[in-house]
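Reckoned from all heavy atoms, side chains included, excluding hydrogens, waters and symmetry mates.
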Amino acid sequence: MNRTTTSVPPHRLLLLVAGFVIWSIAFVVLYGLNAIGCAFGWPELLQRGILLFLFAMHSAALIWLTFWCRKRWKRMAAANEPVPMIEYVGYGLTVAALASTLFVLAPTFFITMCV
Amino acid sequence: MSLPETSLPKSPIALHKALDKVWGSGKGWQRFSAVNHTVIGKRFMVTALIFFAIGGVLAMLIRAQLATSGTAFVGPEIYNQIFTMHGTVMMFLFAIPMLEGLGIYLLPKMLGARDLAFPRITAFGYWCYLFGGTIIVLSMVFGVAPDSGWFMYTPLSSNVYTPGINADVWLLGVTFVEISAITAAVEITVSILKFRAPGMSLNRMPIFGWYMLVTALMMIVGFPPLILGSILLEVERAFDLPFFDPTRGGDPLLWQHLFWLFGHPEVYIIFLPAAGALSTIIPVFAQRPLIGYRAIIIAIVALAFLSFGLWVHHMFTVGIPHLALAFFSAASAIVAIPTAVQIFAWLATLAHGKPRFDVPMLYIVGFFIVFVLGGLTGVMLAMVPFNWQAHDSYFVVAHLHYVLVGGFVFPMLAAIYYWMPHVTGRQCVHRISVPAFWLIFIGFNLTFFLMHLTGLMGMPRRIYTYPSAFGWDWLNLLSSVGGFLLTMGFALVATDMILQFNFGRQFGRNPWKAGSLEWAMPTKPTSYNFASLPEIDRRADNLDVGRIAPELAAGKGYLGFVREGRMETIGVDMTTGKLEHVALLPNSSYLPLISAILTGGAVLSMLFSLYWLALILAFCVVGSFVVWSQTNVIKPNIGLLDVGRGEKLPPHTEVDGPVSWWANVFALLANGTLFASLLFGTIYNWLVAPNWPPQEIYTPGWLELGATAGFVLAGAIGPLIVRVNRNGGPFIVPMAVLAIVYLVTLALLGIALAAMPDPRGHAHLATTLMLLGYGALHCFIGLVFLLNAAIKIARGYIVHGALLELRIAQLWHVYTAVTGIVAVAMVLLMPYLIGLLERTP
Ligand code: HEM
Ligand SMILES: [Cu+2]
């Protein structure tokens with residue numbers, strides 16, 4: 001049982017959702033652009049290029065966030081501070097969001113774009 | 001400890017009497033004024049169970065009709081009403097209100113508070129639910145029940161194909177109930193975040209609290225798309241504005257998107273509270289703490305998000321770009337993982353504990369078997385090629401009942417058996433509980449397992465009869481037999497409940513040896529829950545209830561007294577659970593009932609196309625809310641209040657983030673989702689719907705630019721009012737200016753709307769009308785906020801330094817500014833976007 005004496009400001013709760021908010025944005029952006037690209041008849045290669053680029057950008061953001069969480073974690077561990085549960089859960093959720101992004105959007109590499 | 005002398009009671013009994021006098025709800029007619037969460041929570045659950053019985057009767061009618069081929073029991077028109085009503089009643093009038101009721105009843109007790117954040121809102125939500133549900137169910141009696149399926153697809157549900165009021169009943173009734181669900185969700189969210197026992201930091205919160213928090217947040221984001229869809233469809237039906245009509249630039253698929261954007265998260269909204277009950281009950285019977293508390297929190301937050309990325313799996317067959325299909329298919333598969341995490345956590349808890357058997361455990365075992373089967377067929381259906389085969393067949397009916405009954409009804413039965421003693425103060429007499437379980441379990445599997453087979457043999461769902469040539473006969477007959485066994489099981493459970501209520505064995509405290517706070521109070525519960533509030537120093541699932549309870553009853557915790565006849569509970573810091581403020585709650589009131597009657601009147605007027613009456617009643621509703629706000633007002637500048645144990649805290653009106661402020665933040669989040677859905681609809685029709693570009697294009701001009709300026713000003717002046725008040729300046733001046741800004745903006749938008757070409761011509765014009773109308777409505781409500789504050793100033797409640805009301809209004813003004821600017825920008829952008837359409841192939 002960790003006795004939290006350190007105060008955890010409410011905005012820290014945003015850590016719980018940060019990773020999956022990026023996932024949501026990536027999802028909506030790729031889904032939306034796919035729809036637009038198909039409606040306007042963008043060439044397949046162009047569309048795939050754009051989507052892959054955006055896929056990479058969002059994944060990169062999530063990877064960065066993962067490392068950021070890890071660093072905070074390490075710092076607290078080094079200072080022998082108890083790691084607040086929010087940090088622990090936030091880290092786990094960021095990793096989960098990264099995995100979900102990679103898995104769900106991976107079809108961008110190989111599936112036919114339009115109907 | 002310096003307590004007000006007069007209010008210091010002498011004994012636990014005296015304390016009980018003093019508290020009950022303040023917190024109790026009246027008898028007789030006064031019952032209509034009750035706002036207490038225990039009372040309302042019970043009402044919610046009992047009403048939900050009555051609707052469950054109605055839905056069950058409808059299910060029996062379906063099974064009677066389908067028992068044999070070629071039955072002439074009911075014809076197709078009635079059959080359509082029956083299955084639509086069955087689905088609608090079960091989903092909207094049973095499942096959601098049941099989980100709300102459970103949360104409303106349990107949460108304050110588990111978290112160590114005396115009530116929820118807004119007792120009057122709880123009551124208002126209940127009345128809205130009751131009236132909305134009654135309207136929907138009564139329509140059956142008059143033979144005009146909704147009949148386009150529980151998801152109301154257009155164009156079937158549009159005016160052309162459903163000319164009567166059947167579809168309007170659904171759209172208006174369900175929206176009414178949904179709005180009540182959102183108010184409950186906002187209330188539950190802030191109550192969990194702010195009304196906990198001192199010391200209960202988030203990492204000490206009982207796991208059920210986490211589940212309900214995630215569920216409530218999902219409701220806040222998940223329901224608005226459906227509410228928007230219903231508004232648009234109702235407007236289309238009533239005023240012929242074409243949002244979904246493909247001949248005029250609308251698209252029926254837009255409805256499907258909006259519906260399932262709500263509909264899939266809905267499934268998890270139903271499942272999560274049930275899972276929360278399981279996570280609470282399983283450790284008690286395993287006699288060890290829950291394994292994987294943190295992993296479960298990670299899993300359910302992930303689940304909440306992922307469940308918003310699946311909606312298109314209900315639309316795999318409508319013709320969507322392949323890549324998008326792959327995204328949704330992948331997301332549908334991955335969503336199984338968080339569910340699996342929970343299942344393994346429960347199994348591990350059982351495996352490492354010393355499981356003890358009792359009736360709730362029977363249902364938990366039943367849950368495991370049924371739900372896992374439903375999950376497996378779910379993953380099958382998530383695969384696009386299989387889905388194309390099984391779509392709209394009885395395989396889907398089997399799957400959805402395995403998930404819903406397995407994931408909700410079985411856990412709820414476990415929960416009912418587990419918490420019934422808490423409600424009644426009596427324990428169950430086992431004799432008929434066990435046979436009831438077996439009837440339900442066997443009956444369920446007999447009914448629904450066979451539907452997988454009829455589905456794979458090609459039987460479509462929603463058919464009122466079938467020829468005997470396909471070999472479906474005996475499977476259907478057995479299925480119907482199973483259905484009747486199932487019903488007998490439910491009837492036995494109901495009997496069991498009534499018996500327990502009247503003849504159950506009375507018990508001391510904490511019959512299941514649980515470790516959560518709801519058992520550290522008298523059972524049945526008192527009106528005020530705890531005679532004094534505990535200090536929590538560990539995870540609140542593993543408390544020593546036997547030690548805590550007598551101390552609290554003796555008034556040794558916080559607030560173990562009555563002050564000036566007021567209802568008081570403690571508000572804590574959101575994350576750490578440190579003492580923050582004293583919340584002063586409003587007493588019993590008839591206002592919630594009155595407002596709900598007015599709202600119901602508005603809904604009925606719309607149903608019968610009496611739009612002027614509806615408008616007048618809507619104004620009355622707004623007026624009634626102003627009256628709410630003007631009653632039970634708390635005097636400014638109270639200063640610190642003694643809470644016992646040597647601590648003093650300010651009242652909620654004098655801190656930065658009391659529940660009312662947070663509630664407005666979350667209500668605006670819901671509103672924002674509604675607005676985002678409207679933008680989505682605008683863009684969707686532009687991109688996908690046929691018959692674009694429109695013949696007549698709305699060309700915005702200086703009116704829109706003026707309105708934009710108005711919104712920008714509102715965004716600037718809103719915060720200014722607060723700043724001037726804080727600095728001791730004449731804050732009434734910026735308020736007056738803002739009122740003028742709103743009036744001018746409203747006028748500009750009004751002129752623009754009045755001068756626009758007939759919006760019935762094309763979806764482009766119809767959505768333009770909606771966007772500008774949205775901005776105008778927000779200006780109007782902004783004016784109401786100003787008016788309300790002005791009255792309070794006149795009555796001496798808002799003085800310098802009393803910022804709360806103004807800060808809450810500020811949220812509204814800023815929100816209005818942002819959405820107003822975006823809405824107008826969208827309208828300005830539209831002609832350009834339409835120009836782009838020439839480039840589509
Ligand atoms: C009490 C036992 C139940 C039985 C025997 C039963 C039976 C059925 C049957 C046979 C159908 C298919 C009707 C058709 O397609 O023609 C159906 C549809 C449905 N059921 Fe149930 N059901 C039961 C409980 C539930 C529960 C507890 C829920 C939800 C919590 C539920 C939700 C639904 C929904 C959403 C539909 C789809 C309605 C539609 O197609 O519009 N059912 N039910
Ligand atoms: Cu779904």
Side-chain angles (χ1 to χ4, degrees), chain A residues 1-13 16-17 19-21 23-24 26-28 30-42 44 47-48 51 82 84-86 88-97 99-100 102-115, chain B residues 193 201-205 210 214 217 293-299 301-306 308-310 312 319-335 337-338 341 537-539 542 573-578 657 662 676 680 683-684 686-688 836-837 839-841:
Chain A
M1 210 96 308
N2 48 7
R3 307 200 111 263
T4 33
T5 40
T6 38
S7 94
V8 184
H11 71 250
R12 200 71 64 76
L13 286 174
L16 299 190
V17 294
F20 269 103
V21 165
W23 174 84
S24 312
F27 194 89
V28 169
L30 266 73
Y31 166 64
L33 278 180
N34 180 221
I36 293 176
C38 291
F40 283 91
W42 293 351
E44 167 115 11
Q47 197 191 142
R48 199 183 294 281
L51 294 190
M85 189 192 71
I86 302 285
Y88 181 97
V89 173
Y91 185 21
L93 277 164
T94 309
V95 174
S100 310
L102 294 180
F103 182 77
V104 171
L105 301 181
T108 317
F109 278 106
F110 48 84
I111 298 269
T112 12
M113 288 279 150
C114 301
V115 184
Chain B
L193 289 175
S201 52
L202 280 181
N203 49 328
R204 293 181 185 147
M205 186 154 82
W210 276 102
V214 173
L217 286 168
Y293 176 83
R294 294 167 172 199
I296 287 185
I297 296 172
I298 293 177
V301 176
L303 187 68
F305 275 96
L306 290 172
F308 281 91
L310 316 176
V312 167
I320 279 179
H322 280 160
L323 182 61
L325 288 189
F327 292 165
F328 285 99
S329 181
S332 306
I334 205 176
V335 77
I337 295 177
V341 168
D537 60 359
R538 69 192 71 177
R539 168 111 10 102
N542 315 319
D573 178 82
M574 223 182 238
T575 47
T576 57
K578 289 200 185 109
W662 281 107
F680 169 76
I683 295 173
Y684 185 87
W686 161 74
L687 187 66
V688 180
L836 281 185
L837 285 177
R839 298 205 206 139
T840 54

| said: Please determine whether side chain to side chain contact (heavy atoms under 4.5 Å, CB included) holds for the pair B:I297 and A:M85, giving the CA-CA distance in whole Å, both sets of side-chain angles, and the decisive distance to 0.1 Å. | reply: CA-CA 10 Å; B:I297 296 172; A:M85 189 192 71; 4.1 Å; yes

| query | Of all of B:A299, B:G319, B:A324, which one pairs up most often with chain A through heavy atoms under 4.5 Å apart? | reply |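 So the answer, after comparing B:A299, B:G319, B:A324, is B:A324.
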
| With chain A, which of B:G309, B:P321, B:A302 has the greatest number of heavy-atom pairs at distances under 4.5 Å? |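 Sorted descending by pairs with chain A, the first entry is B:P321.
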
| If you count heavy-atom pairs under 4.5 Å between each of A:A39, A:G41, A:A99 and chain B, which one has the most? |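 Winner by heavy-atom pair count: A:A39.
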
| If you tally heavy-atom pairs under 4.5 Å against chain B, which of A:F20, A:F110, A:F103 wins? | A:F20

Nearest heavy atoms of [X] and [Y], plus distance in Å:
X	Y	result
A:I36	B:L687	CG1-CD2, 3.7 Å
B:M574	A:L13	SD-CD1, 4.0 Å
B:F327	A:L30	CE1-CB, 3.8 Å

| said: Need one label for B:L306: side chain, backbone, both or neither, based on atoms under 4.5 Å from any heavy atom in chain A. | reply: both

| task | Select one option (side chain, backbone, both, neither) describing which atoms of B:Y684 are under 4.5 Å from chain A's heavy atoms. | result | neither

| query | Any donor-acceptor pair under 3.5 Å linking the side chain of B:H322 with the backbone of A:C114? | reply |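 Yes, because the side chain of B:H322 sits within donor-acceptor range (under 3.5 Å) of the backbone of A:C114.
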
| Mind checking whether A:Y31 and B:F328 have parallel, tilted or perpendicular rings, split at 30° and 60°? |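 If you compare the ring of A:Y31 with that of B:F328, the planes turn out perpendicular.
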
| task | Apply side chain to side chain contact (heavy atoms under 4.5 Å, CB included) to B:F305 and A:V21, showing your working. | result | CA-CA 8 Å; B:F305 275 96; A:V21 165; 4.2 Å; yes

| Test side chain to side chain contact (heavy atoms under 4.5 Å, CB included) applied to B:N203 and A:V89, step by step | CA-CA 10 Å; B:N203 49 328; A:V89 173; over 6 Å; no

